[in-house]
Structures are given as structure tokens and as C-alpha cells.
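These notes concern the structure reproduced below.
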Amino acid sequence: QVQLVESGGGLVQAGGSLSLSCAASGRAFSSYAIGWFRQAPGKAREFVATINWSGTSTNYADSVKGRFTISRDNAKSTVNLQMNSLKPEDTAVYYCADKRYGLTSINQFEYEYWGQGTQVTVSS
């Protein structure tokens with residue numbers, strides 16, 4: 001059974017940092033790309049960042065570029081999202097998801113399994 005579990009969310013002041021983690025189990029983690037998405041109240045889920053199977057290719061939404069960094073540790077089957085210089089508009093539930101064939105994509109419909117999400121709240 002494939003399972004993705006996010007952790008690391010919480011409440012932080014604007015300008016602060018948080019590190020999210022996505023722990024995967026149930027299939028060959030190193031074969032899959034991982035994406036982070038977020039959904040704010042009343043808004044559609046949107047792409048945040050993605051990393052390919054080997055960690056050599058990443059892509060970011062323009063809104064987080066330069067502030068967020070995605071990385072992975074295939075030995076530990078985890079992907080991290082380091083979030084710096086947080087803004088109130090980053091407040092959302094953050095989800096990680098995996099994608100077959102290992103290549104990055106910003107399209108959420110290409111992702112197969114999803115975690116339950118972790119809440120990030122940035123106060124002004």
C-alpha cells in the first residue's frame with residue numbers, strides 16, 4: 001500500500017521559516033518524481049515545487065522561487081521542502097504527491113498518490 005505522510009507544518013510569523021517533510025512507503029521511492037502542492041481556503045490547489053527521481057532536476061512556482069527549496073533523500077524515502085521568507089499568502093494546506101516515470105511536472109493531474117496534507121499558517 002502506497003503511503004505519503006507530510007509533517008512539519010505549523011504557525012510562523014511572516015519572514016520566518018518552516019521545513020516540511022514527505023515520507024513515502026509502499027513502492028520504489030527512487031523511481032518517482034515528487035511534487036508539493038498547496039490549497040488555501042476558498043482557492044484551488046496549486047503547484048508549489050517538484051523534484052525528479054534522482055534529485056537532479058527541480059521546478060518551482062514563480063510565487064515561491066528563491067524562497068523555497070525542494071530536496072530528496074532516496075535512502076530515507078523522504079522529500080523536504082525548505083520554506084524561507086514566508087509570507088501570509090503562503091498560508092495553506094501543503095500536500096506531497098508522487099508521479100510515475102520520475103520526471104518533474106507542474107500538472108497535479110499527473111500525480112498518482114497524495115498525502116493527507118499539513119497546515120502552514122503564516123501570520124502578519
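- The one candidate from N52, I34, N80 that meets the side-chain contact (heavy atoms from CB on, under 4.5 Å) condition with R72 is I34.
- Between F37 and W114, the gap from one ring centroid to the other is short of 6.0 Å.
- F47 and L86 end up in different hydrophobic clusters when Ile, Leu, Val, Met, Phe, Trp and Tyr side chains are linked at under 4.5 Å.
- Both L18 and F68 sit in one connected hydrophobic cluster of ILVMFWY residues. Membership requires side-chain heavy atoms under 4.5 Å apart, directly or through other members.
- One hydrophobic cluster, built from ILVMFWY side chains closer than 4.5 Å, cannot hold both I70 and I106; they sit in different ones.
- Taking every heavy atom of both residues into account, L4 and C22 meet most closely at CD2-SG, 4.1 Å.
- Looking only at side-chain heavy atoms (C-beta outward), R27 and Y32 come within less than 4.5 Å of each other.
- Interatomic distance, OG of S30 versus CG of D73, reported as 11.5 Å (0.5 Å rounding).
- Ion pairing between D62 and K65 holds under the 4.0 Å rule for side-chain N and carboxylate O.
- The nearest pair of heavy atoms linking L81 to W36 is CB-NE1, 3.6 Å.
- Residues A14 and S124 come closest through the heavy atom pair CB-CA, 4.4 Å.
- Put simply, the side chain of Y111 never gets that close to the backbone of C96: no donor and acceptor are under 3.5 Å apart.
- In plain terms, the two heavy atoms of S17 and Q82 that are nearest each other are CB-NE2, 3.9 Å.
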For this session: Given side chain to side chain contact (heavy atoms under 4.5 Å, CB included), test F29 with V2 step by step and report yes or no.
Result: CA-CA 10 Å; F29 178 77; V2 178; over 6 Å; no

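- Counted within 6.0 Å of CD on Q119, heavy atoms from surrounding residues, nucleotides or ligands total more than 12; the atom is thus considered enclosed.
- In this structure, the side chains of E6 and L20 stay at 4.5 Å or more apart for every pair of heavy atoms.
- Here the shortest heavy-atom pairing between T104 and T50 reads CB-CG2, 3.5 Å.
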For this session: Please test Q116 against V5 for side chain to side chain contact (heavy atoms under 4.5 Å, CB included), starting from the C-alpha separation and ending with a verdict.
Result: CA-CA 7 Å; Q116 293 300 306; V5 179; over 6 Å; no

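- Distance CZ/R100 to CD/E110: 13.0 Å, rounded to 0.5 Å.
- No chain of hydrophobic side-chain contacts below 4.5 Å, direct or via other Ile, Leu, Val, Met, Phe, Trp or Tyr residues, connects Y95 to M83.
- V48 and Y94 make their closest contact through CG2-CE2, 4.2 Å (heavy atoms, listed as atom of the first residue, atom of the second, distance).
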Exercise. Between R38 and S63, is a side chain to side chain contact (heavy atoms under 4.5 Å, CB included) present by the stated rule, with each step listed?
Worked result: CA-CA 12 Å; R38 67 187 182 187; S63 59; 3.5 Å; yes

